[in-house]
Amino acid sequence: MGDPTKQIFALVDVNNMYVSCERAFNPRLRDRPVVVLSNNDGCAVARSNEVKALGVPMGAPWFQMRDLARQHGIVGLSSNYTLYADMSNRIMAILRTYSPNVEVYSIDESFLSLNGLGGLWASPTAMGQDIRAKVAQWTSLPVCVGVGQSKTLAKLANHVAKKFPLFDSVADFTTMSDARTAWLLQRIDVGEVWGVGRRIGAKLRAMGINTVQDLKDAPPSTMRAHFGVVLERTCNELRGVSCLELEEVAPPRKEIVSSRSFGTMVMTAAELGESLSTYAARAGEKLRGQHAVCGAVHVFVQTNRFRDQDDQYSNGITIPLVEPSADNRVLAGAALHGLAMIYREGFKYKKAGIMLMDLQPDTQRQGVLFDAGRDRARSVAAMAALDALNERFGRDTVHLGSAGLVRRWAMLSENRTPRYTTNWLELPKVRAQ
DNA sequence: TCTGGGGTCCTAGGACCC
DNA sequence: TCTGGGGTCCTAGGACCC
């Protein structure tokens, strides 16, 4: 599978993930055009190929495609994220049997490192086809596989696998001739490249860079001058220079958001406050899940920006916490405090949310609080407990108590004097496990 | 009537310090 | 006449991703 000194990445991605999950459990949806809708059945968050072919863009509001839906029998489904997460976990488990190095990039995408796996398969394509067959057999979900010398190229290969039927859902740049690669890259719009969005795409086209091949041929230094280090890196990745590493362990979140659009307009601070308390609880759960506390809570409210006939208002405020916390009551309290400061009467609110910011690892005051003991055995045991904690955390654990207790304790435990404090705030902090 | 939710990184500019 | 310069931290905004 190629030179072992070179990097090889695969990107495995579920086709129309949410639609495919629904179809897996309801076969009658298989020959029908299907969209999965966002919260409140607002807009399309997933489209089947038939729906895409009808020109329905991602995020299209459901109410705007009502006519189209009637004409073509489009089925609109409310989303079921619990189901999708479960299916995602099943697929990721399968992928881990193919490579020890997997990065779960999103609910429907994973990068695999194929470094050193060359001996196991006739070719990356053979492996890709095997993945497809196994995932289909075990989950009945369709996936595409792209293989390349960088993550950006693997993403692009995945696009090729999807769009060019000739490839039968698996495309591999690492074994492709330069001529054939160039032929393909000249036929793919530059906007398909990972990291090239609407704005940068437009700017690139204005510079005469229209295809992926054009971007690959552009000098990285020029790209850096015009767009910054990110596009320079993208350009290098397209050239087969791997700049982005596999991130196997998901780094902890740096902020946690919880927000929703309301199904109907909300007018009162009381109603907004109720929603915000719910969001605070949900965000707090995630926060504690990563053993973190947050130092500030951001609250925001918005009216419906699509309603020109309504007065518009949008505001947000960040409330610092006196002490970092992950306590739902503290988070909700800060959110409500912020709400009181930004709430304006008379507006029809459409959306509200909170963002937990300044996330820090949860640290707990690590001390030992107990009676120093009336007998020798208990004092020796207590000292041993302190030693064990010091060993475990690699730092001083401090006894919380009075000078008198410590003296007595020292006497009973062979004159060893523990470090002690009478103020728990002076106890050293250790990171939650 | 009805228009998603949750993230990251980079950059520029201001404040502040020495 | 002539008015520094470098480093760091913070924030807001822009761009991207799924």
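We name chains A, B, ... by the order of the sequence lines, and we start the count at 1 in each one. Computation of the quantities below employed the complete heavy-atom set of this structure, encompassing side-chain atoms and omitting hydrogens, waters and symmetry-equivalent molecules.
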Q: Report yes if a side-chain nitrogen or oxygen of A:Ser261 is closer than 4.0 Å to either non-bridging phosphate oxygen (OP1 or OP2) of B:dT3; otherwise report no.
A: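 No, no such contact exists.
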Q) For A:Asn39 and B:dG5, is the shortest distance between a side-chain N/O and OP1 or OP2 below 4.0 Å? A)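 Answer yes for this pair, as a side-chain N or O of A:Asn39 is under 4.0 Å from OP1 or OP2.
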Q | Dot-bracket line, read 5' to 3' along DNA chain B, where crossing pairs take [ ] and | marks a partner on another strand, Watson-Crick or G-U under 3.5 Å | A | ....||||||||||||||
Q) Under 3.5 Å, is there a donor-acceptor pair between the side chain of A:Lys348 and the main chain of A:Val266? A)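 Side chain of A:Lys348 to backbone of A:Val266: no pair is present.
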Q: Kindly say whether A:Gln312 contributes a backbone atom to a donor-acceptor pair with the side chain of A:Gln302 at under 3.5 angstrom?
A: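 Here the side-chain-to-backbone pair does not exist.
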Q. Taking protein heavy atoms under 4.0 Å as touching, what does nucleotides 7-12 of chain C look like 5' to 3' if B marks base contact, S marks sugar-phosphate-only contact and - marks none?
A. ------
Counting any heavy atom closer than 4.0 Å, what does [X] reach on the DNA or RNA strands: base, sugar-phosphate only, or nothing?
{"X": "A:Arg307", "value": "sugar-phosphate"}
{"X": "A:Asp41", "value": "nothing"}
{"X": "A:Asn40", "value": "nothing"}

(Q) Any residue in residues 192-205 of chain A with a heavy atom nearer than 4.0 angstrom to DNA chain C? Just list them by number, or reply none. (A)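 By residue number: A:Val193, A:Trp194, A:Gly195, A:Val196, A:Gly197, A:Arg198, A:Arg199, A:Ile200.
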Q: Between C:dC18 and B:dC2, how far apart are the C1' atoms? Round to whole Å, please.
A: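 B:dC2 and C:dC18 have their C1' atoms separated by 25 Å.
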Output side-chain donor-acceptor pairs under 3.5 Å for residues 11-21 of chain A, partner residues at least two apart or in another chain, one line each.
from	atom 1	to	atom 2	distance (Å)
A:Asp13	OD1	A:Lys162	NZ	2.5
A:Asn16	OD1	A:Lys52	NZ	2.6
A:Asn16	ND2	A:Asn49	OD1	3.2
A:Ser20	OG	A:Asn15	O	2.6
A:Ser20	OG	A:Asn16	O	3.3

Q) Are the charged groups of A:Glu192 and A:Lys163 less than 4.0 angstrom apart, N to O? A)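 No, no charged N to carboxylate O under 4.0 Å.
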(Q) Looking only at the side chain of A:Cys43 (C-beta and beyond, no hydrogens), which of the listed nucleotides B:dG4, C:dC18, B:dG5 gets closest? (A)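 Looking only at side-chain atoms, A:Cys43 lies closest to B:dG4.
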Q: With sequence neighbours excluded, tell me which residues meet side-chain contact (heavy atoms from CB on, under 4.5 Å) with A:His298.
A: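 By the side-chain contact (heavy atoms from CB on, under 4.5 Å) rule, A:His298 matches A:Phe300, A:Thr318, A:Met355, A:Met357.
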Q.
Enumerate the side chain to side chain donor-acceptor pair (under 3.5 Å) contacts for residues 269-281 of chain A, please, sequence neighbours excluded, ordered by first and then second residue.
A.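 Residue pairs with at least one partner in residues 269-281 of chain A: A:Thr268-A:Glu271.
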Q | Given DNA chain B, 5'-ward residue of the pair A:Gly42 and A:Glu255, judged by closest heavy atom | A |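 So the residue in question is A:Gly42.
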Q: Verify the ring-centre separation between A:Trp194 and A:Phe9: is it less than 6.0 angstrom?
A: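 No - the distance between ring centres of A:Phe9 and A:Trp194 does not fall below the 6.0 Å cut-off.
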